[in-house]
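As the structure is a computational prediction, the values presented were derived from the model and not from experiment. Lettering of chains follows the sequences in order, A, B, ..., and the numbering in each one begins at 1. What's counted below: heavy atoms across the whole structure, side chains too, no hydrogens, waters or symmetry copies.
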There are 2 protein chains.
Amino acid sequence: MQGKFDQLLEKHKLKKTAPRFSVLEVLSSRDVATSQPNLEEILGKEVDRVTLYRILKTFEEKGIIHKIIDANGTANYAVCHSSCTEHQHRDEHLHFNCTVCKKVYCLNDVHIPAFNLPEGFEASTINLVASGVCQACKAQL
Amino acid sequence: MQGKFDQLLEKHKLKKTAPRFSVLEVLSSRDVATSQPNLEEILGKEVDRVTLYRILKTFEEKGIIHKIIDANGTANYAVCHSSCTEHQHRDEHLHFNCTVCKKVYCLNDVHIPAFNLPEGFEASTINLVASGVCQACKAQL
DNA sequence: TTAAGTGCAAAATCTTTGCAAATGT
DNA sequence: ACATTTGCAAAGATTTTGCACTTAA
């Protein structure tokens, strides 16, 4: 299904280049968010490190992928699940950061419960990251 | 009230040095978390950058301060509000990251609501960061 | 053809490490 | 006096910038 990426890039008026396809392939082949260092490792041969920075930045601005900062401050990326646009990201679901395998799971089904902010505060984005041991890693203990 | 810091350092078997007092003074004089770059700026003359890294690391390990990674992946620090120990941090309250003034507020009064993790996942730490415009900044618009 | 995108080199930052000198107990 | 802690210098890592070359449209 190559056409999927074609459409995606077209939709955002981005040129269909080899490095961009590589990035999309890696990110969409995974059910978890991928850290930038990890991406570099995987794409090392095909995509220049600087190009990767620029692609990730562009994709994020266009709403194609979203960035999750994990507990260590490392950027992780995942293709946007629902309808992110250039103007508004909608990735307000729970992320789970496994401390053993370092994976960041996008738990799309768990929605963030409501809470009250003090008078005068207004939130535009909410980020909920839980850290602990994931399903898979716990099974191996 | 100099004695407060003295006690704090004694309690954790840390030597009472000038740089450490400086860090504690800055952090506790503020009701918001302070970013590391900001700390460097403030302490630039009195504390070496490397020393600052080490102090922050030590303090965090001892449970004297806690680290909040903001939406940009930058580390922010605040003195622990309640009873953090070397073994367990209890900073599971909401943080509010203002996109205008960049401050990170510790909203100790807003507790994180409960949510259900999928089978097999177990969270040891929870981090909830809301981004938006804070009280003070909104008033100035 | 030409604007957008890439890759390399190099600058600018940020973070860590090693070690001698200084400091608190 | 002795173990800790600091400050400097230097290595390592990360991120950004500039610019010539390449490529998709």
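Across all strands, A:R20 comes closer than 4.0 Å only to sugar-phosphate atoms, never to a base (heavy-atom distances).
Of the listed nucleotides (C:dT25, D:dA24, C:dC14), C:dT25 has the atom at the smallest distance from the side chain of B:K15.
Between the side chain of B:R54 and the base of D:dG7, a donor-acceptor pair under 3.5 Å is found.
From B:I42, atom CD1 reaches atom OG of B:S35 across 8.0 Å, with rounding to the nearest 0.5 Å.
In terms of position along DNA chain D, the nucleotide closest to A:P37 lies nearer the 5' end than the nucleotide closest to the other residue of the pair A:P37 and A:V50. In terms of position along DNA chain C, the nucleotide closest to B:K57 lies nearer the 5' end than the nucleotide closest to the other residue of the pair B:K57 and B:A18. Mapped onto DNA chain C by nearest heavy atom, A:L14 and B:Q36 fall at different nucleotides, with A:L14 at the one closer to the 5' end.
Ring centroids of B:F121 and A:Y105 are separated by less than 6.0 Å, placing the two rings close together.
Per the geometry, NZ belonging to A:K45 stands 19 Å off C1' belonging to C:dT6, to the nearest Å. As rounded to whole Å, 14 Å separates atom C1' of C:dT6 from atom CG of A:L56. The distance between atom OH of B:Y53 and atom P of C:dC14, rounded to the nearest whole Å, is 7 Å. Straight-line distance from the NZ atom of A:K13 to the C1' atom of C:dA3: 15 Å, rounded to whole Å. In this structure, B:K16 atom NZ and D:dA3 atom P are separated by 20 Å, rounded to whole Å. Atom CD1 of B:I55 and atom C1' of D:dT5 are 9 Å apart (whole Å). What separates CD of B:E61 from C1' of D:dT5 is a distance of 15 Å, to the nearest Å. Across the protein-nucleic acid pair, B:D48 atom CG and C:dC19 atom C1' stand 14 Å apart, rounded to whole Å.
Residues B:V79 and B:V47 fall within the same hydrophobic cluster, defined by Ile, Leu, Val, Met, Phe, Trp and Tyr side chains chained together at heavy-atom separations under 4.5 Å. At a threshold of 4.5 Å between side-chain heavy atoms, the hydrophobic network of Ile, Leu, Val, Met, Phe, Trp and Tyr places A:I64 and A:L39 in one connected group.
Distances shorter than 4.0 Å separate some side-chain N or O of B:T17 from OP1 or OP2 on D:dT6.
The backbone N or O of A:G132 lies less than 3.5 Å from a partner atom in the side chain of A:T99, making a donor-acceptor pair.
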